[in-house]
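Structure first, then comments.
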2 protein chains.
Amino acid sequence: MPPQHNKSGDPARSLALLWRTQEPASRRRGKPELSVDRIVVAATEIADAEGLAALSMRRVAEALGVGTMSLYTYVPGKGELIDLMVDAAYADLDSGDRSGGWRERLRRIANANRDLYIRHPWMLQTITTRLLGPNLIAKYDHELSAIDGLGLSEVEMDSTVNLVNGYVESTTRQTLGAEQVARESGMDDEQWWRTYNPLLAALIDDSQYPVASRVGSAVGAAHQAVYDPDHEFSFGLERVLDGVQVLVDTRSAERSADPAAPAAGSPETSGSTARPAT
Amino acid sequence: MPPQHNKSGDPARSLALLWRTQEPASRRRGKPELSVDRIVVAATEIADAEGLAALSMRRVAEALGVGTMSLYTYVPGKGELIDLMVDAAYADLDSGDRSGGWRERLRRIANANRDLYIRHPWMLQTITTRLLGPNLIAKYDHELSAIDGLGLSEVEMDSTVNLVNGYVESTTRQTLGAEQVARESGMDDEQWWRTYNPLLAALIDDSQYPVASRVGSAVGAAHQAVYDPDHEFSFGLERVLDGVQVLVDTRSAERSADPAAPAAGSPETSGSTARPAT
DNA sequence: TGGTGGGTCCGTAGGGCGTACGGGTCAGTG
DNA sequence: CACTGACCCGTACGCCCTACGGACCCACCA
């Protein structure tokens, strides 16, 4: 069980599955019993509730009241099932609201993605390279649209979307990882800290790590205070958006200095890692 | 095997292991045979070469020419072993050079972290909350030192370090994920794209995703051109640093407006997720 | 109406995994 | 010389994914 990599076999089969080509064919008389969608939904419920580690073909089959091997009629394997789960999950992102300036739009996108990851923490353990499902492409299109027409080159637009998404991912992964550890250890941060602080104090020579000690205790103190836990996320996001702002302002200044120049491709910047992959 | 979460049992035991308390005791006469360090090194070699998924207690024991269960004399379980591997890996970060401005220092830190992750890709699949080993703390201290004295509050310093590290993590994870998929599928991006482009074209209605199509092909074209693959990373990093710069400039302006104010704690910003965790 | 083909379902088995448990082995000590 | 405790490890249990081949049963056709 490779921890997070998906897919194994024929990409053409995967694509057909993602786009639901040749779906129902000729259902049997009685209730449809099984289907790709029912399997994906059941699997997602398990992963949402107990994590990707608890997701097994046996568990999914059991939840559907069906033999394990029956799943393989509809899905080539576990990897492809996870791919399907990911694309299906992205359908939950509502992409309606396009109002406001680009900064507000990006902020809204970041928050929507964060909420989605919180709803489906297992998504942060998957690799989405070459996962070209309908919902993922729609998401990519929606996100790019938020910064279209600002004078950025296409490659810069891709980079910017990746930058924001990357920030959301890493931050949320951190948050959820901490929650998971707290849940599994049965101790929240505060309890854990109080319990093992003496031991740590004996182990760690504060004078050897002066800055870490100072910052560590300040951060610890801040955690004691009552505060909205989303503030940290928003704070960092504004820093990222400030960085984007600098880029947008630069390109904007270039355009007004040379109004004939098209918006496309400033040559000294380079492309992203994968093509439309998020 | 929970895919990426570590530790299971007594945190005190874990800490003792990380800090190598009560290490050698009374070695047997002959060669030391086994030790925590030898186990960690062997396990790291396997994970480096074949990924975290290929790491099993059996494999490690085999590599050391020893019975599987012998490992449990030195290490409580696989989770703790991974914790030890992570902390040991951070020892490879050379933290010597402290020259240059804060921006250059952060750039150097980001690149060093990226190189480390490329050397040890499995690190990106681990959760490091509450992992308080000596090397991780040293790293935290070193990174905070790079932005000490700029007028940022302690909480802001923590956020900033997390921001940069988060950027490095998400970007590198993307890069390495793509490499892994390419390796396992036996097709690089270019081959894959050429092979499945016809199928994709039939599936995807370009007019439905206008921006994604335009940007996707531009990014694809950029990938054809010869360019340094690290440019994308550096480009995004500069955006992040621009964002930090805005913050630093703001605090700097505040300080010169009110020179009596201390550097600490602006109350409307909040702490990070874990205490000294990276 | 009497097949019969194919879609659907699933039992079995093989090869992984982590680790609990209990029994060997042997260096050093009393 | 007997003992003891650290070290080592064989076996076994329960989990995992999935290849393979058989069982079932509906839909269609002759």
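Scope of the values below: all heavy atoms of this structure, side chains included, with no hydrogens, waters or symmetry mates. Predicted model, so just to flag it, every value in this text is computed and none were measured. Proteins get letters first, then strands, A, B, ... in listed order; numbering begins at 1 in each.
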To the nearest angstrom, how far is [X] atom [atom1] from [N] atom [atom2]?
X: Y72(B); N: dC21(C); atom1: OH; atom2: P; value: 13 Å
X: Y74(A); N: dT18(D); atom1: OH; atom2: P; value: 18 Å
X: L81(A); N: dT18(D); atom1: CG; atom2: P; value: 10 Å
X: L71(B); N: dG18(C); atom1: CG; atom2: C1'; value: 11 Å
X: I39(B); N: dG18(C); atom1: CD1; atom2: P; value: 14 Å
X: M57(A); N: dC16(D); atom1: CE; atom2: C1'; value: 12 Å
X: L34(B); N: dT25(C); atom1: CG; atom2: P; value: 19 Å
X: L64(B); N: dC8(D); atom1: CG; atom2: P; value: 11 Å

Quiz item: Using 30° and 60° as the class limits, which term best fits the ring planes of Y117(B) and Y90(B): parallel, tilted or perpendicular?
Solution: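 Ring orientation of Y117(B) relative to Y90(B): perpendicular.
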Quiz item: Can a side chain N or O of S70(A) be found less than 4.0 Å away from OP1 or OP2 on dC10(C)?
Solution: yes
Practice problem: Return no unless some side-chain N or O of S56(B) is found under 4.0 Å from OP1 or OP2 of dC17(C). | Solution: yes
Could you check whether any side-chain N or O of [X] sits under 3.5 Å from a backbone N or O of [Y], counting only pairs where one atom can act as donor and the other as acceptor?
X: S70(B); Y: V66(B); answer: no
X: T128(A); Y: L131(A); answer: no
X: D141(A); Y: A212(B); answer: yes

Self-check item: Per M69(A) side chain, nearest of listed nucleotides dT18(D), dG10(D), dC8(D)
Solution: dT18(D)
Quiz item: What nucleotide, of dT18(D), dT19(C), dC10(C), holds the atom closest to the side chain of K78(B)?
Solution: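 Of dT18(D), dT19(C), dC10(C), dT19(C) is nearest to the side chain of K78(B).
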Quiz item: Do R58(B) and dG18(C) have a side chain to base donor-acceptor pair shorter than 3.5 Å?
Solution: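 Such a pair exists between side chain and base.
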